[in-house]
**Student:** 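If you scroll down you'll find the structure; I have some questions about it.
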2 protein chains.
Amino acid sequence: MAVTVTIYDVAREAGVSMATVSRVVNNNPNVKPQTRKKVFEAIERLGYRPNAVARGLASKKTTTVGVVIPDISNPIFSEVARGIEDIANMYHYNIILCNADKKKEKEIRVINTLLEKQVDGLLFMGGVVTEDHIQAFKTSSVPVVLCATADEKHIIPSVDIDHEKAAYDSVNVLIQNGHRNIAMISGTLQDPANGFARYQGYRRALEEAGIPLNEDYVRVGNYRYESGLEVTKYFLSLDERPTAIFAANDEMAIGAIHTLQDSGLKVPDDMSVISVDNIRMASMVRPELTTVAQPMYDIGAVAMRLLTKLMNKETKDASELSQVVLPHEVIHRNSVAQR
Amino acid sequence: MAVTVTIYDVAREAGVSMATVSRVVNNNPNVKPQTRKKVFEAIERLGYRPNAVARGLASKKTTTVGVVIPDISNPIFSEVARGIEDIANMYHYNIILCNADKKKEKEIRVINTLLEKQVDGLLFMGGVVTEDHIQAFKTSSVPVVLCATADEKHIIPSVDIDHEKAAYDSVNVLIQNGHRNIAMISGTLQDPANGFARYQGYRRALEEAGIPLNEDYVRVGNYRYESGLEVTKYFLSLDERPTAIFAANDEMAIGAIHTLQDSGLKVPDDMSVISVDNIRMASMVRPELTTVAQPMYDIGAVAMRLLTKLMNKETKDASELSQVVLPHEVIHRNSVAQR
DNA sequence: CTGTTAGCGCCTTCAG
DNA sequence: CTGAAGGCGCTAACAG
């Protein structure tokens, strides 16, 4: 294992001062090309590699941002993460990634360790953003942006879609196709920013169409395939079956399609299915899933871009750009039929 | 934004020296309970948060490990990443995550920036491990372990499955079910550790069964759904169609199933499909995919565990535990039929 | 254009 | 059990 060579060694080797070495390493233009060359050669010869930790301590910048994510193995979040990464890269930031499983306690803990690591900024995607979260963010001396979520009071900058509207638009596709018996596989209703918002969108769409809400037609799942499977079985057991199912996310919708098919029903002829998300898998099922696309990658990318601005203080007090709502779009595929 | 409070402030507030504060923060037992209490109170009062960067500089440990990953949004890798994260967490390490898209140049670049950040260890999953990679690893003063890949000469510690054997076992399922016209949708043949190994497994299975290799039956895809779709169309255009398809990964297998179904064929009655990976999606298609499970999560977890040992020098020279091959397992579902 | 000099915030001997 | 002092490797004024 090579002994660590420091800026001082390079300085000696090149016959200059460490300040000069620092300058060339940091691309400071105030160095004579000749000296620069000498220094580079010394660096090469010694295999010098700048110590980012020391640099961070001295400069108070680490060029890394912290990302707290519910679960990296969930396609929704990993796609967002990919957007974050790409933009971070573009601006020469690195990413410290922490799973927090939507557990409040764990979220707060990782926020703190990230802050201890002196990240230059923080991207938070998680479950509910509570008062405690906001409190934690307030102790931060670096900017924070919420990603694919938002706090109820909108006091923290965030990048998200309008979940209520997305659900509303989704259900409306069904309504415009003549459906009136529309069931919903919901996510948890405890999350105002997401689960509950989608439920609200469902209700509003029905209401505006003059369709009374049927309690039997709403069941809560956990966003996973299996719960889509289960809840749909329940809907099939009803005396008056729905003619269409709106799922709060694609995974549950795919589950719905499969229990329908497993029961000998045809989708969409016998029953329509729609949802929101548009994960890659949505076009990897038969029939391909009609859904409302949530621009995951962009959410990550835009959030990271916003964060870079905040970190560079390009924007005043974060109030102008602070609440970004990205557009969603219904993707018509083959899981919805006229009725 | 709160001004930064340092260990010195805490010392003054608690009426002790900074050494003592350092001790309590680091859980050093040599502190009188009373003093410890005083210090904790001061910490609380001031909202002190240790600066991990300064600590890293002084102690030469950062408690973070670098992970280079081809693409975080690919379910295979994100599942591995999840295993890494969980174990890292357990040992109080954080993760710096870098996508490198299997581009050699980018991989080398991120390896270097990770090393500059003074990570305590490095986990590498990527494309081919070349001589240049090995060279880069050798400049590292911290341990490196390969994850879901391996170098040809096996000089770097690694955790992986036996890809050749996995493919062999997979194809054998087909053979045992009476298939002899077995086509393969391969991945790139340029990657000895993975793509080529799986192809070799296919060949060996055929050979041992006395089935001659038919060149028309092997086509290279890119591991993605779409290429599964495409290659299968080609197979369907053949005069003598195969009766079964072995895909190098699940995604392409799912593509295969769908072009089969889109052509009015029944899977597995008209044609069988098998592959290797066992991503979650494998049980989220109809018919559910028979495949050889690659323990992604475990690969990540075991690799991270091995790395912790190396970082703590629990193991001599990494030679004992250094080449871990995890078992794979065929998962019988519904995409393969007797013939 | 280049060198000198202080720190950055903390850990870690070494004394006491 | 506790304090003093010297770095860790680098950046950032400040001179020259």
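A note on names: the letters A, B, ... follow the listed sequences, proteins ahead of strands, and every chain is numbered from 1.
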**Student:** A:Asn26 has an atom CG; how far is it from atom C1' of D:dC10, in whole Å?
**Tutor:** 9 Å
**Student:** Would you mind telling me which of D:dG9, C:dC10, C:dC1 lies closest to the side-chain atoms of A:Ala58?
**Tutor:** D:dG9
**Student:** Need to verify one output field. Residue with the more 5' nearest nucleotide on DNA chain C, B:Arg23 or B:Asn51?
**Tutor:** B:Asn51
**Student:** Can you tell me if B:Lys60 touches the phosphate of C:dC10, counting only side-chain N or O atoms and a distance under 4.0 Å to OP1 or OP2?
**Tutor:**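 Checking C:dC10 against B:Lys60, no side-chain N or O comes under 4.0 Å of OP1 or OP2.
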**Student:** In whole angstrom, what separates B:Ile7's CD1 from D:dT2's P?
**Tutor:** 14 Å
**Student:** Please tell me which of the listed nucleotides, C:dT2, C:dC8, C:dC10, lies nearest to the side chain of A:Lys32?
**Tutor:** C:dT2
**Student:** Could you give the CD-to-P distance, from A:Gln118 to D:dC10, as a whole number of Å?
**Tutor:**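 Atom-to-atom, A:Gln118 to D:dC10, this comes out as 19 Å.
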**Student:** For B:Arg305 and B:Asp298: C-alpha separation, side-chain torsions, deciding distance, then whether salt bridge (Lys or Arg N to Asp or Glu O under 4.0 Å) applies.
**Tutor:** CA-CA 10 Å; B:Arg305 178 63 184 112; B:Asp298 294 345; over 6 Å; no
**Student:** Please pick, from D:dG9, C:dC10, D:dT11, the nucleotide with the shortest atom-to-atom distance to any side-chain atom of B:Leu57.
**Tutor:**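 Nearest to the side chain of B:Leu57 among the choices is D:dG9.
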**Student:** Below 4.0 angstrom from OP1 or OP2 of D:dT11, is there any side-chain N or O of A:Lys61?
**Tutor:** no
**Student:** Quick one: A:Tyr48 OH to D:dG9 P, roughly how many Å, whole number?
**Tutor:**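 In whole Å, D:dG9 P and A:Tyr48 OH are 10 Å from each other.
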**Student:** Side-chain N or O of B:Thr35 less than 4.0 angstrom from OP1 or OP2 on D:dT2?
**Tutor:**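 The answer is yes; a side-chain N or O of B:Thr35 sits under 4.0 Å from OP1 or OP2.
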**Student:** Under 4.0 Å, counting only non-hydrogen atoms across every strand here, what does B:Ser22 touch: a base, just sugar-phosphate, or nothing?
**Tutor:**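 The answer is base, as B:Ser22 lies within the cut-off (heavy atoms under 4.0 Å) of a base atom.
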**Student:** Can you see if the side chain of A:Arg55 gets near the phosphate of D:dT11 - specifically, an N or O under 4.0 Å from OP1 or OP2?
**Tutor:**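 The answer is yes; a side-chain N or O of A:Arg55 sits under 4.0 Å from OP1 or OP2.
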**Student:** Tell me whether the OP1 or OP2 atom of C:dC11 has a side-chain N or O from B:Tyr8 closer than 4.0 Å.
**Tutor:** no
**Student:** Hey, does the side chain of B:Thr6 come within less than 4.0 Å of C:dC8's phosphate (OP1/OP2), counting only N and O?
**Tutor:**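 Result: no.
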**Student:** Indicate yes or no: does B:Asp9 engage B:Arg45 in a salt bridge with an N to O separation below 4.0 Å.
**Tutor:**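 No.
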**Student:** Specify the separation, in whole Å, of atom CD of B:Gln34 and atom C1' of D:dT2.
**Tutor:** 14 Å
**Student:** Choose from D:dG3, C:dG3, C:dT2 the nucleotide whose nearest atom is closest to any side-chain atom of B:Ala19.
**Tutor:**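 Closest nucleotide among those given: D:dG3.
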**Student:** Start with the C-alpha gap between B:Thr35 and B:Arg23, add the side-chain angles, then the distance that decides, and say whether side-chain hydrogen bond (donor to acceptor under 3.5 Å, both in side chains) holds.
**Tutor:** CA-CA 11 Å; B:Thr35 342; B:Arg23 287 195 187 91; over 6 Å; no
**Student:** Could you state the atom-to-atom distance from CD of B:Glu116 to P of D:dG9 in whole Å?
**Tutor:** 15 Å
**Student:** Search all heavy atoms of A:Val53 against all heavy atoms of B:Lys117 and return the closest pair with its distance.
**Tutor:** CG2-O, 3.6 Å
**Student:** Closest approach of A:Val159 and A:Ala303, non-hydrogen atoms and distance?
**Tutor:**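 Closest approach of A:Val159 to A:Ala303, heavy atoms only: CG2-CA, 3.6 Å.
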**Student:** Could you check how far NZ of B:Lys117 sits from P of D:dG9, rounded to whole Å?
**Tutor:**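 Computing the B:Lys117:NZ to D:dG9:P distance gives 18 Å.
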**Student:** Would you say B:Asn30 reaches D:dT2's phosphate, i.e. side-chain N/O to OP1/OP2 under 4.0 Å?
**Tutor:** no
**Student:** Compare side-chain N and O positions of A:Thr4 against OP1 and OP2 of D:dG9 and report whether any pair is under 4.0 Å apart.
**Tutor:** yes
**Student:** Classify B:Val25 by what it touches in the nucleic acid, base, sugar-phosphate, or nothing, heavy-atom distance under 4.0 Å.
**Tutor:** nothing
**Student:** At less than 4.0 Å, is any side-chain N or O atom of A:Ser17 found next to OP1 or OP2 of C:dG3? Yes or no.
**Tutor:** yes
**Student:** Starting from C1' on D:dT2, measure out to NZ on B:Lys37 and report it in whole angstrom.
**Tutor:** 19 Å
**Student:** Measure across A:Thr149 and A:Ser158 and return the closest heavy-atom pair with its distance rounded to 0.1 Å.
**Tutor:**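 Heavy-atom minimum between the residues: O-CB, 3.5 Å.
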